[in-house]
Amino acid sequence: MIKRLVLSTMLLSAAVIGNVASAQPVAASDYTTTENKYVEIGGTRYAYRTIGDRGSKPPLVLFQHFTGTMDDWDQRTIEGLAKGRELVIFDNAGVGASGGQSPDNVADMAAIAAQLIEALKLQQVDALGFSLGGSIVQQLLIERPSLIRKAVLVGSAPQGSAGFRRLPDVISTAIKTSGETGRPLRALLFFTDTESGKAEADEYLKNINNHSVDPEAPVSEQTMGAQAKALVTWGSMPENTEQLAQIKQPVLIVNGSDDSIAPTLESVTLFQRIPNAQLSLYPDSGHGSLFQHETLFVSQVDTFLD
């Protein structure tokens, strides 16, 4: 059934420390050498990076996955997207180079993200949310719609997602398999167990955590626990069907054919509940479909946003 659903969408307060966002952005083309910038909000310092030229397009703000830092974005995906627009990549509270402690709920994470966007004096942005980041972007679309022009949700699911409720079991199984096979945990969680999936996982792992400037440490136990609670709670809350139906913005929903974290059919449900949504499901791919099909993903996002 999933294969029949695969669609082609090719047509488809705050003081800034250092470089202020309102200044003329400095373009960069190599993500591994992109320096951290910082903004202080309510006494907490948040880290972010920018890459690409802003031009006349809204910047694209990236919202990261569970336990991910700015270094965990695939360099190829970042640099591909940055050819056509400015990207803003950031660490939420308690992640990477950002201060504070990670909230244990999506609503508070979204509130911090909104404050950061406003602190950077960005009137309106496009948003790309991956996994946990997709839940945060949904929350912003519902609560702060004026901030977002268009949104891309990858490996995401609506509130009340059974898949997110099962996250601890999925991770526990993957940890056991990783110990037995020696395969990296993220390769198991993000990619399919096919020859192609394994090859793409190896390539992906070469293109993350390779920052030569301002490299970031893995997230703390506090952050990991808080983010896990946020995802499980998101999956345990009542469905947000009525709120999703009120979203006016165009939304591109992307997932793989076999996502074990945000089950693929839940992306279909998300597509059905958002009025102005497009859906693209990639073959032979899992939760990290945007990395497994990086060239196609960048092309579709560019087409959608432009």
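The analysis underlying the following values was restricted to heavy atoms, covering all of them including side chains, and did not include hydrogens, waters or symmetry mates.
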Hey, does the side chain of Thr177 reach the backbone of Thr173 with a donor-acceptor pair shorter than 3.5 angstrom? yes
Give the C-alpha distance, both sets of side-chain angles, the deciding distance and a yes or no for side-chain contact (heavy atoms from CB on, under 4.5 Å) between Gln227 and Leu132. CA-CA 8 Å; Gln227 290 189 350; Leu132 173 59; 3.9 Å; yes
Just checking, any donor-acceptor pair under 3.5 angstrom between side chains of Gln64 and Thr69? no
Salt bridge present between Asp126 and Arg149 (N-O < 4.0 angstrom): yes
Would you list the pairs meeting salt bridge (Lys or Arg N to Asp or Glu O under 4.0 Å) in which at least one residue belongs to residues 210-234, sequence neighbours left out? Asp104-Lys229
For Asp284, salt bridge (Lys or Arg N to Asp or Glu O under 4.0 Å) partners two or more places apart: none
Just by modelled atom types, is the Asp30 backbone N or O under 3.5 Å from a matching donor or acceptor in the Thr34 side chain? yes
Are any of the side-chain heavy atoms of Ser280 and Ile253 separated by less than 4.5 Å? no
Grab the two heavy atoms, one from Ala162 and one from Glu266, that are nearest each other, plus how far apart they are. N-OE2, 3.4 Å
Non-hydrogen side-chain atoms of Leu290 and Trp73 separated by less than 4.5 Å: yes
Would you find a donor on one side and an acceptor on the other, under 3.5 Å apart, between the side chain of Lys150 and the backbone of Phe304? yes
With sequence neighbours left out, write down each residue that passes ring pair (Phe, Tyr, Trp, His ring centres under 6.0 Å) with Phe66, or none if nothing qualifies. none
Exercise: do Ser220 and Thr223 side chains pair donor with acceptor under 3.5 Å: yes
When you measure from the side chain of Glu86 to the backbone of Gly55, do you find a donor-acceptor pair of N or O atoms at a distance under 3.5 Å? no
Should Asn36 and Tyr38 count as side-chain neighbours, where that means a heavy-atom distance under 4.5 Å? yes
Any side-chain donor paired with an acceptor under 3.5 Å for Thr192 and Thr194? yes
Hydrophobic cluster identity match, Ile175 and Phe164, side-chain contacts under 4.5 Å: yes
Residues 67-78 vs salt bridge (Lys or Arg N to Asp or Glu O under 4.0 Å), sequence neighbours excluded, gives Arg49-Asp71, Asp72-Arg186, Asp74-Arg76
Heavy-atom closest pair (Leu279 atom, Ser267 atom, distance to 0.1 Å) is CD1-O, 4.2 Å
Could you tell me whether the side chain of Asn240 and the main chain of Gln243 form a donor-acceptor pair under 3.5 Å? no
Under 4.5 Å between side-chain heavy atoms, counting indirect links through other Ile/Leu/Val/Met/Phe/Trp/Tyr residues: same cluster for Leu122 and Leu305 or not? yes
Apply side-chain contact (heavy atoms from CB on, under 4.5 Å) to the pair Val254 and Ser289, showing each step before the final yes or no. CA-CA 8 Å; Val254 175; Ser289 60; 3.9 Å; yes
Look only at the side chain of Gln278 and the backbone of Val251, and say whether a donor-acceptor pair between them is shorter than 3.5 Å. no
Restricting to non-hydrogen atoms, name the atom on Gly160 and the atom on Arg165 that form the minimum distance, rounded to 0.1 Å. O-NH1, 3.1 Å
Under 3.5 Å: donor-acceptor pair, side chain of Asn255, backbone of Ala262: yes
Quick note, salt bridge (Lys or Arg N to Asp or Glu O under 4.0 Å) partners involving residues 293-306, not counting sequence neighbours, are Lys57-Asp306, Arg85-Asp302, Arg85-Asp306
Using the rule given for side-chain hydrogen bond (donor to acceptor under 3.5 Å, both in side chains), can you reason through Gln138 versus Ser156, listing the C-alpha separation, both sets of side-chain angles and the distance that settles it, and then say yes or no? CA-CA 9 Å; Gln138 287 180 59; Ser156 188; 3.0 Å; yes
Has the side chain of Thr264 got a donor or acceptor atom that lies under 3.5 Å from a matching backbone atom of Asp259? yes
For Ser135 and Leu231, the nearest pair of non-hydrogen atoms, with its separation, is OG-CD2, 4.4 Å
Sequence neighbours excluded, which residues qualify as ring pair (Phe, Tyr, Trp, His ring centres under 6.0 Å) partners of Phe190? His65, Phe130, His287
Evaluate Phe90 against Leu116 for side-chain contact (heavy atoms from CB on, under 4.5 Å), listing each step before the verdict. CA-CA 9 Å; Phe90 76 101; Leu116 184 137; 4.0 Å; yes
Is the closest side-chain heavy-atom distance between Leu60 and Val88 below 4.5 Å? no
Got Leu252 and Leu153 here, is their nearest side-chain heavy-atom distance under 4.5 Å? no
Would you say Glu79's side chain and Tyr31's backbone share a donor-acceptor pair under 3.5 angstrom? yes
Can you list the steps and then say if Leu87 with Leu128 is a side-chain contact (heavy atoms from CB on, under 4.5 Å)? CA-CA 10 Å; Leu87 272 56; Leu128 190 164; over 6 Å; no
Any residue meeting ring pair (Phe, Tyr, Trp, His ring centres under 6.0 Å) with Tyr46, in chain and number order, not counting sequence neighbours: none
Would you say Met109 ends up clustered with Met237 if hydrophobic residues are merged whenever their side chains have heavy atoms under 4.5 Å apart, either directly or through other cluster members? no
Same cluster or not: are Leu296 and Leu281 linked, directly or through other Ile, Leu, Val, Met, Phe, Trp or Tyr residues, by side-chain heavy atoms under 4.5 angstrom apart? yes
Within the structure provided, determine whether Val154 and Val152 are in side-chain contact (heavy-atom separation under 4.5 Å). yes
Are Asp193 and Lys198 close enough that some pair of their side-chain heavy atoms sits under 4.5 Å apart? yes
Please report the shortest heavy-atom distance between Ser260 and Val170, naming the atom on each side. O-CG2, 3.6 Å
Step-by-step ring pair (Phe, Tyr, Trp, His ring centres under 6.0 Å) determination, Phe191 to Phe291: CA-CA 9 Å; Phe191 295 84; Phe291 308 130; 7.2 Å; no
Could you list the residues that satisfy ring pair (Phe, Tyr, Trp, His ring centres under 6.0 Å) with Phe297, not counting sequence neighbours? none
Test side chain to side chain contact (heavy atoms under 4.5 Å, CB included) applied to Ile78 and Ile208, Thr32, Ile89, the passing residue: Ile89
To the nearest 0.5 Å, tell me how far Glu200 CD sits from Leu205 CG. 11.0 Å
Those residues that, when tested against Glu180, pass salt bridge (Lys or Arg N to Asp or Glu O under 4.0 Å) (two or more places apart): Lys176
For a quick check under 3.5 Å, do Tyr204 and Gln75 share a side-chain donor-acceptor pair by atom type? no
Within one Ile-Leu-Val-Met-Phe-Trp-Tyr cluster: Leu185 and Ile261, side-chain cutoff 4.5 Å: yes
Taking only residues at least two apart or on different chains, which pairs with a member in residues 88-102 satisfy side-chain hydrogen bond (donor to acceptor under 3.5 Å, both in side chains)? none
Residue pair Pro158 / Leu244: nearest heavy atoms and the distance that separates them: CB-CD1, 3.9 Å
Show me the side-chain donor-acceptor pairs of residues 268-277 shorter than 3.5 Å, one per line, residues at least two apart or across chains.
residue : atom : partner : partner atom : Å
Thr269  : OG1  : Leu265  : O            : 3.2
Arg273  : NH1  : Thr241  : OG1          : 3.4
Arg273  : NH2  : Glu239  : OE1          : 3.2

Go through the structure and list residues passing salt bridge (Lys or Arg N to Asp or Glu O under 4.0 Å) with Arg144, not counting sequence neighbours. Glu118
